[in-house]
Structure formats: structure tokens, C-alpha cells
Amino acid sequence: MSLTSALSDAFSTIAYWQYALAYGVIAFAAIVQYRIGVGFGLFAAPVIALFAPELVPVPIIALTLFTATAAMVNQRNGFDWREIGWSVAGRFAGSLVAVAILAQLTDQKQFMLVFGLLIALAVAMSLAGFRFRFTRRLLFTMGAISGLTATITSVGGPPMAIAYQDQKPERARPNMSAFFALGCVIVLAVRQVNGFNTTADLVHSIVLLPALFIGIKLAPAFEGVIDRNFRTMLLVVCGLSALLLIWRALA
């Protein structure tokens, strides 16, 4: 397929109003991701899937890579590479499992429903006072679940958000940003090798990129509000994501 034909096909499936709405969603999601280290795919993917499913999952994964990398560079002095290594290793393992599932998956809505219910359960357990002990095993397990779900739906944030919910923001933010930046490279590479990415995905990612930069530019203005409510914000983002995934699956 020629480049001109690929561009025509990509733009013919999306209306201007869909791009406009996606710009607003992506800008807000970028603010959340930049400030708390998680939340871009959590918020953007379920919302955008409601009105422009063609933009999910690959463009959201690609944009998550950009915003997570920006946050990663800004917070590079706070990395703990041992934590990042265990979670990224899990992400890779989960992505490989996801590719096998994608080859057999006939109903993505079924997967989204189960995943949404699992997120809701995790949030409920957290609000009820249940805690996971912060260990390397937890990081690997949550990283694997994140890789599995992100590869299929582009939503891979909740497992890591739950893992880091009781850690201090200055510890959680840089490590989660590094995890998502490296994790997105893994997911995109695994999908590409197995033929699940398209030229239209690349076109949509480029068109939506300015919205991401707008959100990153505005993010510093939200520093005080979001930092003071770090754990609450994590759980709210996870809860909203669960509801949107369930809604999307049942729609």
C-alpha cells in the first residue's frame, strides 16, 4: 500500500469532531500522567474508545511512550533501577502472553469486561484497607499483568498504580514513568514483530501528538493540587478506568 493510500484510509475513518474530542481527552490525560506517573492510557483509552475506537490501542500506547518519556527525563534523578528492572521484566513476559491471546481473541469486549471488573475489585480492596506487601515479586507480577492488558487494550496502568499506592510520590513517580516508557517500547515492538500494528496507527499517533504536548505544557500548573492528593488521585483514576472499561464492554 502506498503512503498516499495509507493516509487516505486513516483519515477516512475518523471525523474532525472525533479528533477534536480526542485532543481534549489526550491533553487532560497527559497532565495526569505527567504529575502522578500513571494515568494516560488509564483515562484516554477507555474514553476515546467510546467515540473513536480506531484510535485504540496502538496510538494510545505510542502517545503513552512520549508522555512517560517526558516525565522520565524530568524525574531521572529518582530512579531505582532494581525496582524498574523487575517490573519491566514482568511487562515483557506479560506482553508475550498477550500476543498469544491476541492471535486467538475473537471478542475484545469480553476481555475488557473482565479487566474492568478486576480493576474495580483492586480499588475496592484498597479502599477497604487491603494492602499488598511491596516486594520484587509484587513488581514482577503487576508488571506482567500490566504487559498483558496494555498489549491488548492499551490500559496497563492499574496494576502498577495499585503496587505503588502506599509509596511516597517522589519514589513512585520516577519509577512508574520509567516503567511505562520502557514498557511501551516493549509492547509496540512485540506487536510489530507479530504484525498487529498498521500504517493507520502511525498516522493517527502523529496527528494526535500535538495534544500530548499541550497537556505536558499545562501540567506544571497542577503541581500542588495533584501532589497533595497522590494516593486519592491514583485510586480515582483506576476507579474511573474500571467503570469506563465495563461500560465500553457492555455497550
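What you see is a predicted model, and the numbers here were worked out from it, not measured in a lab.
- At least one side-chain heavy atom of Val185 sits less than 4.5 Å from a side-chain heavy atom of Leu65.
- When all heavy atoms are compared, the tightest approach of Leu188 to Ala62 is CD1-CA, 4.1 Å.
- In this structure, CZ on Arg173 lies 12.5 Å from NZ on Lys168, to the nearest 0.5 angstrom.
- The two residues Met72 and Ala181 come nearest to each other via the heavy atoms SD-CB, 3.7 Å.
- When all heavy atoms of Gly116 and Leu245 are compared, the closest pair comes out as CA-CB, 4.0 Å.
- Atom CZ of Phe180 sits about 12.5 Å away from atom CD1 of Ile186, to the nearest 0.5 Å.
- Residues Thr153 and Pro57 fail the side-chain proximity criterion, which asks for heavy atoms closer than 4.5 Å.
- In the displayed structure, Glu170 atom CD is contacted under 6.0 Å by more than 12 heavy atoms of other residues, nucleotides or ligands.
- Pro46 places none of its side-chain heavy atoms less than 4.5 Å from the side chain of Trp247.
- In this structure the side chain of Leu139 reaches within 4.5 angstrom of the side chain of Met160, judged on heavy atoms.
- Here Phe132 contributes atom CZ and Met142 contributes atom CE; the two are 4.5 Å apart, rounded to the nearest 0.5 Å.
- Cluster annotation: Tyr23 and Val25 are assigned to the same hydrophobic cluster (Ile/Leu/Val/Met/Phe/Trp/Tyr, side-chain heavy-atom contacts under 4.5 Å, transitive).
- For Arg248 against Lys109, the heavy-atom pair with the smallest separation is O-CE, 3.8 Å.
- The line from CG of Leu117 to CD1 of Ile246 is 4.5 Å long, rounded to the nearest 0.5 Å.
- For Asn194 (side chain) and Val190 (main-chain N/O), a donor-acceptor pair under 3.5 Å exists by modelled atom type.
- Residues Phe196 and Leu102 form a side-chain contact, since some pair of their non-hydrogen atoms from C-beta on lies under 4.5 Å apart.
- Distance CG/Leu202 to CD/Gln192: 9.5 Å, rounded to 0.5 Å.
- Minimum heavy-atom separation, Gly156 to Pro159: O-CD, 3.6 Å.
- If you take CG on Asn197 and CZ on Arg191, they are separated by 5.5 Å, rounding to the nearest 0.5 Å.
- Side-chain contact between Arg171 and Phe134 is present, with heavy atoms from C-beta onward closer than 4.5 Å.
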| task | Test Ile48 against Ile26 for side-chain contact (heavy atoms from CB on, under 4.5 Å), laying out the working first. | result | CA-CA 9 Å; Ile48 291 176; Ile26 287 169; 3.9 Å; yes
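- Test Thr67, Leu63, Ile61, Ile60 against Cys184 for side-chain contact (heavy atoms from CB on, under 4.5 Å) and you get one pass: Ile61.
- Listed by first and then second residue, the ring pair (Phe, Tyr, Trp, His ring centres under 6.0 Å) pairs involving residues 55-84 are Phe79-Trp81 (not counting sequence neighbours).
- Between Trp86 and Phe140, the angle of the ring planes goes over 60°, which puts this pair in the perpendicular group of the 30/60° scheme.
- Of the options Val187, Val88, Thr69, a side-chain contact (heavy atoms from CB on, under 4.5 Å) to Leu182 is made by Val88 and by none of the others.
- Remark: the backbone N or O of Ile101 is not paired with any side-chain donor or acceptor of Gln104 at under 3.5 angstrom.
- Hydrophobic cluster membership is shared by Phe43 and Phe213, with clusters built from Ile, Leu, Val, Met, Phe, Trp and Tyr side chains linked at under 4.5 angstrom.
- Val203 is not connected to Tyr16 by any chain of hydrophobic side-chain contacts under 4.5 Å among Ile, Leu, Val, Met, Phe, Trp and Tyr, and they are in different clusters.
- Using a distance-only test at 3.5 Å, with no hydrogens or angles considered, no donor-acceptor pair links the side chain of Ser154 to the main chain of Ala150.
- For the pair His204/Thr13, a side-chain contact is recorded, criterion being any heavy-atom separation below 4.5 Å from C-beta on.
- Using a 4.5 Å heavy-atom threshold, the side chains of Leu208 and Tyr19 count as touching.
- Here the side chain of Thr149 pairs a donor or acceptor atom with the backbone of Val155 at under 3.5 angstrom.
- Clustering ILVMFWY residues whenever any of their side-chain heavy atoms sit less than 4.5 angstrom apart, transitively, puts Phe28 in the very cluster that holds Phe51.
- Hydrophobic clustering keeps Leu243 apart from Val32 (ILVMFWY residues linked when any side-chain heavy atoms are closer than 4.5 Å, directly or through intermediates).
- Side-chain atoms of Tyr164 and Glu83 form a donor-acceptor pair, as typed in the model, at a separation below 3.5 Å.
- Listed here is the closest heavy atom pair of Val56 and Ala49: CG2-N, 4.0 Å.
- Checked by atom type and distance alone, the side chain of Asp201 never pairs as donor or acceptor with a backbone atom of Pro59 at under 3.5 Å.
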| query | Would Gln165 and Ile162 count as a side-chain contact (heavy atoms from CB on, under 4.5 Å) if you check the C-alpha gap in whole Å, the side-chain angles of each, and the deciding distance to 0.1 Å? | reply | CA-CA 5 Å; Gln165 65 176 314; Ile162 296 297; 3.9 Å; yes
